[in-house]
**Student:** 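One structure coming up, written as structure tokens, with questions to follow.
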Amino acid sequence: MTDKNALELKDLSVAYRVGRRNRAVLRNVNLTIKAGEAYGLVGESGCGKSTVALSVVRYLPRNGSITGGSIALDGKDVMKLDAEALRRARADSVSMVYQDPGKALNPSLRIGRQLTEIFELAGITGQAAEDKALAMLNRVRISDPASVMQRYPHQLSGGMQQRVAIAMALANDPSMLILDEPTTGLDATVEAEVLDLIGQLRRELSASILFISHNLAVVANMCDRVGVLYAGMLVEEGSTRDVFNDPRHPYTVALLRCLPRGGQRKDQGRLDTIPGFLPGIGANIVGCAFADRCALATERCRAEPPPLYELGDGRLSRCHYHDNAQSLPRATPAEIAAAQPKQTPPVLQVEGLNKTYASHGRPLRAVKDVSVSLKPGETLGLVGESGSGKTTFARLLLGLVAPDDGGSIELEGKKLAPRLASRSEDQVKAVQIVFQNPDSALNRSHSIRHILSRALKRLGGLTGKTLDTRLEELVRSVRLTDRHLAVKPRQLSGGLKQRVAIARAFAGDPRIVVCDEPTSALDVSVQAAILNLLADLQSKQDVSYIFISHDLGVVRYLSDKIAVLYLGRIMEFGPSEAVFSGPHHPYTEALLSAVPKLDRTENSRIRLDGEIPSAANPPTGCVFHTRCPRKIGAICETQEPDLTEAQPGHTIRCHIPYAELARLQKPKAVEPA
Amino acid sequence: MVFLGGQVLPGNVGRAILGPFADQRAVDALNHSLGVDRPLLVQYGSWIWNFLHGDMGTSYVFRAPVAPFVIDALGNSMKLALVAFVLVVPIGIVGGVMAALNFNRPLDRIISLGGLSVTVLPEFVTGIILILIFGVWLRWLPIAAAWPKGAGVFTQLYYLILPSLPLFLVLFGYIARMARSGMIEALDSDYTRTAVLKGLPWRTVIWRHVLRNALLPTITVIATQTGYLIGGLVVIETLFRYQGIGSLIFTAARGKDFPMLEAGILTIGIVYAVATLIADFLYSVLNPRIRLGAEQ
Ligand SMILES: Nc1ncnc2c1ncn2[C@@H]1O[C@H](COP(=O)(O)OP(=O)(O)OP(=O)(O)O)[C@@H](O)[C@H]1O
Ligand code: SF4
Ligand code: SF4
Ligand SMILES: [Mg+2]
């Protein structure tokens, strides 16, 4: 087994047939994964990562075909297998887990059934299969496996669904496990748990792993070696450490620069971006595929396709100037006119806000006693696991749900009516939102011009000539062009659509824009551009943001203040720098340590055990005590701590005194990514 | 709606019944005795009230209670609809499933195109063609659907085959198309991919994973087609001279027998509503997401 490669792709080429023409998606990909190795494949959306995975399991879409090369699994050529042999290979040696676990499980079969059928294939039936299924669920450390067996997929949380999917993939003890974006779309803590799980299982099972992700940090934490895919070509390969610390291809360099790293903040400069777009599928590529977006490109690059240069130590780079890759000039100037902190009265003042839902006859306190204040031009970052009340808080601000009696929301010193319908026109204009998924916010059947004009009419009260001039300004401010105005949303990429959504939110000159995971569905390069855009708009217009994201690096980049929420309560609130650099609340500490980091410096990740408790039935005392790694004793279980001021403007809800927290957290002063 | 239509449309009820040459006073008297000269709302209220109590009103033409006519006709129509339904549902579903499994291959083309073309042909065209072929030319089946009095079940069935065929053809296209698109969606889904990549045999994938999810939407469509089915009956029953609710409505409309017309159409409405309810119920029984409610 040791010298056999788990997976070997030789000159693999794949094409999709679109409009009666075969369009190349993968171009001569060579890739080898040794037995027991974890290999990461990264690259922008659309570069062909999933296509690689689907080719290996021979499950390309109907219009896809392998146009050349070979794929060997465990030394066997999968392209030569007949239907029955292919089925056996899938049953015995290769498994795959993909992005959306909610869709990957059959909605109308119980979890138990979906697991036992795998063992039935191996001839294990009845009670024996049930037992094995149960053991498998135990193995993926799901809580209460016996009851999970009886449930349907929609009765499980996203993290549990993905655990089930992983259990199914591992049930046949495969030699090759393919993970295609297995944690994309999950919460940071859930993501960390799932990654932990995969890491542990890997040690137990000795399966080789092909790990596909656009999240570089996740790959950095998981994989031994990494390959960077661009336009269906492998452009760089090497050990994870080498590639991420010493990239030799301008594309890799650029990708890494898009991420806010090492606690970078908006006032320290813009993020770098990658100009232009990935060549479309089937594009005719002469010379280097990256040349149009590469600031180092020369005549030679455009004429002569670079080979995969061997750099020693198993490193490869498809660039003529691989030695100079890191001298790639910035695509976006770094300097930014950061908004100057002003001694102005707050634009938003929230006092004692509560929201109680009724759930099965019990009160569910989705938001409990929340008070925050925010100045013009500031960003308030909201962090916390799903179910912590972030979105409910945003909806309260927007007036989409009415809070319980008692609390108050003040906008520029004036009380905001609880319901949207009873707010004045100006107040409605003043609070806007940008969603994660721009599709849900943009009417598909209207042109961009129509969408934005309508917003300007409705929110800005503009007509005729003034509307046209303002429309032009608005479009320019989000860096779209006239060309984009004529098209419909579906003709735009995700990043462009999000720009339209942002433009629409800014049509009425808002004072506060709620950004609910605005970049979570986007590539790092696009994310960087959107974050830059938000920072620019803020410094120009003095607008305030309520920024929700599970990517803490992103939150840190954009936020001036942070509120950490758990079960609807604020556990910590303060200036962004103070909250991130600590000393911080034990929950914040755990959240931060769960973030995958590009440079693997620390190993002391704090694990949060178990699922977040139900808000309908919160733990007594400190609501975090069931999972708190720093719990000090009975007082945590009986008495809810107050939100006490640790330092001016920085409050923490914990029985441990601030000085003690500082002492406890001192040794690991590692900067989070 | 029908009620309003009947009242507001040109045509004085009394005039319609007595004919254009009757004395105006006779018309007025008749209108009064029928109650149609009362204000609209009063008429409507009392009509609904009576209908709910099983009194569907009195036919203007037959001068007899409407109810027995409607109930009789409904029974006959149900028989016809049932025969068409029992034939078309399984055959349509199987056709659609087969088409999807042979996506873009000849069988798929035949079923899809065939289904589409018989669907777009109106019932009276297919009806006449079928009568000509089976009734006139081959003489296999009776042309008129009126079976002899006291005929047994099988004789009745024999008489019902030809009238149910046009309905079958129209519905076949719809059902097959729905089943086909449901299947294609399910076949393209992630959970089917999961099932295939588990290494399950193809048969198991189809039977256990694809079919159930694929046919859920089809069931809803079948129920909405019940409404159509009954609408289609007007043409079919008239064509085959069959004493069902469709021909009842048709005759009533021609004779401006509004109570009969209204009762007939309201009955159809009720049948339609009941069918939709049944479909919703079936859908929720088959779909655990609805059956178990949104607990999470
Ligand atoms: N069935 C298909 N027909 C035509 N084009 C397709 C098809 N499936 C994918 N593509 C295109 O092929 C290219 C590669 O797709 P692929 O899904 O492999 O990319 P990816 O790297 O996995 O992207 P992502 O990060 O978004 O998952 C993309 O441009 C995509 O739009
Ligand atoms: S070969 Fe030229 S264009 Fe391509 S990445 Fe290297 S420097 Fe840039
Ligand atoms: S009060 Fe106790 S349980 Fe709560 S966070 Fe502090 S130490 Fe942990
Ligand atoms: Mg993909």
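Just so it is clear: chains get the letters A, B, ... in the order the sequence lines come, proteins before strands, and each one is counted from 1. All values below come from the heavy atoms of this structure, side chains included, with hydrogens, waters and symmetry mates left out.
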**Student:** So which heavy atom on A/N106 is nearest to which on B/R208, and how close?
**Tutor:**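 Answer, listing the atom of A/N106 first, then B/R208: ND2-O, 4.0 Å.
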**Student:** Starting at NZ of A/K103, measure out to OG1 of B/T192 and round the result to the nearest 0.5 Å.
**Tutor:**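 Nearest 0.5 Å value for the NZ-OG1 distance: 13.0 Å.
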**Student:** How many angstroms lie between NZ in B/K198 and CG in A/L121, if you round to the nearest 0.5 Å?
**Tutor:**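 Atom-to-atom, B/K198:NZ and A/L121:CG are 9.0 Å apart.
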**Student:** Grab the two heavy atoms, one from B/L187 and one from A/Y59, that are nearest each other, plus how far apart they are.
**Tutor:**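 Looks like O-OH, 4.0 Å.
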**Student:** Under a 4.5 Å heavy-atom cut-off, does chain B meet the side chain of A/R88, its backbone, both or neither?
**Tutor:**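 For A/R88, there is no contact with chain B at all, as no heavy atom is under 4.5 Å.
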**Student:** Please flag which part of A/L105 lies under 4.5 Å from any non-hydrogen atom of chain B: side chain, backbone, both or neither.
**Tutor:**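 Contact with chain B is through the backbone of A/L105 alone.
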**Student:** Are more than 12 heavy atoms, taken from residues, nucleotides or ligands other than A/Y357, located less than 6.0 Å from that residue's OH atom?
**Tutor:**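 Yes, the 6.0 Å shell around OH holds more than 12 heavy atoms from other groups.
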**Student:** Tell me, out of B/T204, B/V196, B/L216, who's got the most heavy-atom pairs with chain A below 4.5 Å.
**Tutor:**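 Heavy-atom pairs under 4.5 Å are most numerous for B/V196.
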**Student:** Given a strict heavy-atom distance threshold of 4.5 Å, which part of A/V97 is in contact with chain B: side chain, backbone, both, or neither?
**Tutor:**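 Looking at A/V97, nothing touches chain B.
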**Student:** Quick one: does B/N213's side chain get under 4.5 Å of A/P107's, heavy atoms only?
**Tutor:**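 Answer yes - side chains close enough.
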**Student:** Specify the closest pair of heavy atoms between B/D190 and A/Y98, including all atoms of both residues, with the distance to one decimal.
**Tutor:**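 Shortest heavy-atom contact: O-OH, 3.2 Å.
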**Student:** What's the shortest heavy-atom distance between B/R212 and A/S108, and which atoms?
**Tutor:**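 Of all heavy-atom pairs spanning B/R212 and A/S108, the closest is CD-OG, 3.6 Å.
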**Student:** If you look at every heavy atom in A/A104 and B/T194, which pair is closest and at what distance?
**Tutor:**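 Closest pair (atom of A/A104, atom of B/T194, distance): O-OG1, 2.7 Å.
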**Student:** A/M96, A/R58, A/R113: which one forms the most heavy-atom pairs within less than 4.5 Å of chain B?
**Tutor:**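 Heavy-atom pair counts peak at A/R113.
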**Student:** How many angstroms lie between atom OH of B/Y191 and atom CD of A/Q114, to the nearest 0.5 angstrom?
**Tutor:**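 Here the interatomic distance stands at 10.5 Å.
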**Student:** What part of A/L54 gets closer than 4.5 Å to chain B, counting heavy atoms only: side chain, backbone, both or neither?
**Tutor:**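 For A/L54, side-chain heavy atoms alone lie under 4.5 Å from chain B.
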**Student:** Relative to chain B, which of A/E84, A/E120, A/M168, A/R87 shows the most heavy atom pairs under 4.5 Å?
**Tutor:**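 Among A/E84, A/E120, A/M168, A/R87, the one with the most close pairs to chain B is A/R87.
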